Engineer: 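Input: one structure, supplied below.
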2 protein chains.
Amino acid sequence: MDVNKVRNTVIFNGMTDGEIEAALKGLKASEKKYEKGEAIFLAGDTTSRMGLVLSGSVTIESNDVWGNRMILSHVEEGGFFAETYGLLGDEIMLVDVIANEDSEILFLTVKNLTSKVSDEGTWVIKAVSNLLSISAQKNLMLSGRSFHTSPKTIRDRVMSYLNSLYIKQKSREIVIPFDRQQLADYLNVERTALSKELGKMRDDGLISFKKNRFTIEET
Amino acid sequence: MDVNKVRNTVIFNGMTDGEIEAALKGLKASEKKYEKGEAIFLAGDTTSRMGLVLSGSVTIESNDVWGNRMILSHVEEGGFFAETYGLLGDEIMLVDVIANEDSEILFLTVKNLTSKVSDEGTWVIKAVSNLLSISAQKNLMLSGRSFHTSPKTIRDRVMSYLNSLYIKQKSREIVIPFDRQQLADYLNVERTALSKELGKMRDDGLISFKKNRFTIEET
DNA sequence: GAAAGTACGTGGTTATTACCACCAAATGAA
DNA sequence: TTCATTTGGTGGTAATAACCACGTACTTTC
């Protein structure tokens, strides 16, 4: 790995070249080329590594059980992705990361970066790494919610939410941690309107449910 | 400060009692009592300190120019608040933090925690602290957006958005960084519907605007 | 400066949702 | 059990937003 390629990325900010070299080693930096359209991560994966786009670009997208595709964001050269998942290590990804063109990706193993540090370091380091864990966790919650509230119709929000649980629980039988009012609040819709839409979705053969147990029906 | 009071909070996770004492000193821990209803932070403030609720509870709320109040969240004993603002240090708060009952708050100076660390530490520490900055920044963006998209009507979203810029820019004349399409996307509404609502808001005397310059009218 | 393109706004229509009043089933306490 | 409370669902109506077609003004380009 050439230090020049990463010197200007945010993660290596404030490091001397020597430190960057040590960091690349310590983070088990490994480079890989992807062809346009190739999957870098798939929903359902877990990862201990974050990605840094050395050249090319990638898209973050969502493909749900019902076959709907949605592009969520682009990451250009110098940008990174999956840093939250990498840091937390065992969180299941809800999105796919796809090479938008022929691209070179540098993977950095950031899992345990916080815990590794915690054993040796001073209180400062421990505090910073605790705060990083907290922040990453909060991040995940915020982006999840914003993801489920961005579809404009109640049905699409429900499908987005159920799909994410489907990916996490790897089963078409899903237990949700909310009652109706809480689900409505989470999806930012009105409770009775949610009830109605759930009924319609059942009539349309998309789902069935009883209380907080939902089943995604086979099409 | 008694170490026992904070030993179980997430921030001091993994620290020995000795380290916690050092941390409390290093973070310039200071305790303060608030009476029910008293303001701990006000929108428009900046802070270099985060808050830890030692006893009692606080609410995070939003009070806009037009006099609407909205409660955003509660923080109970052992929980903390303003950690993102504290870490970033110069971000203007868009919400108020109010004591929900008689409460004891511990303030911890976390600004420069990352930059302080960066001067001395190894690459690990620098990487962790860079990641913390990135994460905090992302957090701020995500929570801002989710804040502006949670109102159910276009008008309320626009008011929420303009109000936040009003607080930041401290002026009723506001320049927004978006064109109409971008603003619509940001607020998660349809462009022409946004245009219509902006027109109605002008008719109703709430705002005036030309291109991306908006003025909040005096009531 | 003509032509093409972009940005913004308006009218009209339809789809969707919020809101209200209400009911039924499930839960829980006395 | 019985009564009260909580939780989930339905019907109907009004409000709201999405969607489409289109016009106008302002920009950019050659």
Side-chain angles (χ1 to χ4, degrees), chain A residues 64 66 68-71 145-162 165 173-217, chain B residues 64 66 68-71 145-162 165 173-217:
Chain A
D64 73 20
W66 297 274
N68 309 303
R69 151 177 304 191
M70 190 179 9
I71 291 182
R145 173 134 198 272
S146 116
F147 184 45
H148 301 313
T149 52
S150 69
K152 297 220 181 67
T153 65
I154 293 181
R155 174 172 299 207
D156 288 342
R157 292 186 193 187
V158 170
M159 296 206 305
S160 168
Y161 177 64
L162 287 182
L165 292 181
E173 303 229 345
I174 295 164
V175 180
I176 73 172
F178 294 137
D179 63 29
R180 288 291 179 282
Q181 183 62 60
Q182 291 171 319
L183 179 59
D185 291 344
Y186 183 71
L187 298 179
N188 202 29
V189 298
E190 203 268 340
R191 183 188 61 80
T192 68
L194 171 62
S195 274
K196 270 179 229 178
E197 191 57 38
L198 287 174
K200 283 188 204 160
M201 290 173 75
R202 174 165 46 197
D203 297 344
D204 292 348
L206 287 171
I207 59 172
S208 62
F209 58 91
K210 186 172 185 181
K211 303 205 60 172
N212 65 338
R213 307 188 76 88
F214 288 74
T215 306
I216 297 178
E217 299 294 346
Chain B
D64 73 19
W66 296 274
N68 309 302
R69 151 177 305 192
M70 189 176 13
I71 291 182
R145 172 133 198 271
S146 116
F147 184 45
H148 301 313
T149 51
S150 69
K152 297 219 181 67
T153 63
I154 293 180
R155 175 172 298 209
D156 287 342
R157 292 184 192 188
V158 170
M159 298 206 305
S160 168
Y161 177 64
L162 288 181
L165 292 180
E173 303 228 346
I174 295 164
V175 180
I176 72 172
F178 294 136
D179 62 28
R180 287 291 178 282
Q181 183 62 61
Q182 292 172 319
L183 179 58
D185 291 344
Y186 183 71
L187 298 179
N188 202 28
V189 298
E190 203 269 341
R191 182 188 62 80
T192 68
L194 172 62
S195 274
K196 268 179 231 179
E197 191 58 38
L198 287 174
K200 282 189 204 160
M201 289 174 75
R202 175 167 45 200
D203 297 344
D204 292 348
L206 287 170
I207 57 172
S208 60
F209 57 92
K210 188 172 186 179
K211 302 203 65 167
N212 65 339
R213 308 187 76 89
F214 288 73
T215 306
I216 297 178
E217 299 295 346

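In what follows, every chain begins at residue 1, and chains take the letters A, B, ... in the order their sequences are listed. These numbers come from a predicted model, not from an experiment.
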Engineer: Quick one: does A:Lys196 reach the base of D:dG8 with a side-chain donor-acceptor pair under 3.5 Å?
Structural biologist: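 Flag unset: no donor-acceptor pair detected.
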Engineer: Side chain of B:Asp179 only, please: which of D:dA17, C:dC8, C:dA18 is the nearest?
Structural biologist: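 Comparing D:dA17, C:dC8, C:dA18 against the side chain of B:Asp179, the answer is C:dC8.
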Engineer: Atom CG of B:Leu183 to atom P of D:dA17: distance rounded to whole Å?
Structural biologist: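 Roughly 14 Å, once rounded to whole Å.
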Engineer: Is it true that the side chains of B:Glu217 and B:Thr215 contain a donor and an acceptor less than 3.5 Å apart?
Structural biologist: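 B:Glu217 vs B:Thr215: no donor-acceptor pair found between side chains.
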Engineer: I need the CG-P distance between A:Asn212 and D:dG9, as an integer number of Å.
Structural biologist: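 For the pair A:Asn212 CG and D:dG9 P, the rounded distance is 11 Å.
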Engineer: How many Å lie between CD on B:Glu197 and C1' on D:dT16, as a whole number?
Structural biologist: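 Answer to the nearest Å: 9 Å.
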Engineer: Is B:Lys210 near enough to C:dG9 that one of its side-chain N or O atoms lies under 4.0 angstrom from OP1 or OP2?
Structural biologist: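 Negative; the distance criterion is not met.
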Engineer: To the nearest Å, give me how far apart CZ (A:Phe178) and C1' (D:dG8) are.
Structural biologist: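 These atoms are roughly 17 Å apart.
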Engineer: Please answer whether the main-chain N or O of A:Glu197 pairs with a side-chain N or O of A:Arg155 as donor and acceptor at a distance below 3.5 Å.
Structural biologist: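 A pair under 3.5 Å: no.
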Engineer: Would you mind telling me which of C:dC8, D:dA17, D:dC19 lies closest to the side-chain atoms of B:Glu190?
Structural biologist: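 When the side chain of B:Glu190 is considered, D:dC19 is the closest of C:dC8, D:dA17, D:dC19.
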Engineer: Among D:dA18, D:dA17, C:dC19, which nucleotide has an atom closest to any side-chain atom of B:Thr153?
Structural biologist: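 Nearest nucleotide to the side chain: D:dA17.
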Engineer: How many whole angstroms separate atom NZ of A:Lys152 from atom P of C:dA18?
Structural biologist: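 The distance from NZ of A:Lys152 to P of C:dA18 comes to 15 Å, rounded to the nearest Å.
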Engineer: Tell me which nucleotide among D:dG9, D:dA18, C:dA18 gets nearest to the side chain of A:Ser195.
Structural biologist: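 The closest nucleotide is D:dG9.
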Engineer: Between the side chain of B:Arg180 and the main-chain N/O of B:Lys211, is any donor-acceptor distance below 3.5 Å?
Structural biologist: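 Such a contact is found between B:Arg180 side chain and B:Lys211 backbone.
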Engineer: Would you say the side chain of B:Arg202 and the base of C:dG9 hold a donor-acceptor pair, judged only by whether the two atoms sit under 3.5 Å apart?
Structural biologist: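 Counting by modelled atom types and ignoring angles, no donor-acceptor contact under 3.5 Å is found here.
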Engineer: For C:dA7, does either OP1 or OP2 sit under 4.0 Å from a side-chain N or O belonging to B:Arg191?
Structural biologist: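 No, no such contact exists.
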Engineer: What is the separation between atom CZ on A:Arg155 and atom C1' on C:dT16, rounded to the nearest whole Å?
Structural biologist: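 My rounded result for the distance is 12 Å.
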Engineer: Both B:Phe209 and A:Lys211 contact DNA chain C. Taking the nearest nucleotide for each, which residue is further toward the 5' end?
Structural biologist: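 Comparing both residues, the 5'-ward one is B:Phe209.
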Engineer: Grab the two heavy atoms, one from A:Thr149 and one from A:Asn188, that are nearest each other, plus how far apart they are.
Structural biologist: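 Closest heavy-atom pair between A:Thr149 and A:Asn188: CG2-CB, 4.1 Å.
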Engineer: Tell me: CG of A:Leu198 to P of C:dT17, nearest whole Å?
Structural biologist: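 From A:Leu198 CG to C:dT17 P: 12 Å.
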Engineer: Give the rounded distance in Å between these two atoms: CD of B:Gln181 and P of D:dC19.
Structural biologist: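 Atom-to-atom, B:Gln181 to D:dC19, this comes out as 12 Å.
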Engineer: Please work out whether the ring planes of A:Tyr186 and A:Phe178 are parallel, tilted or perpendicular, with thresholds of 30° and 60°.
Structural biologist: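 Correct class here is tilted.
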Engineer: With respect to the side chain of B:Thr192, which nucleotide from D:dC19, D:dA17, C:dC8 is positioned closest?
Structural biologist: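 Per side-chain heavy atoms of B:Thr192, the pick is D:dC19.
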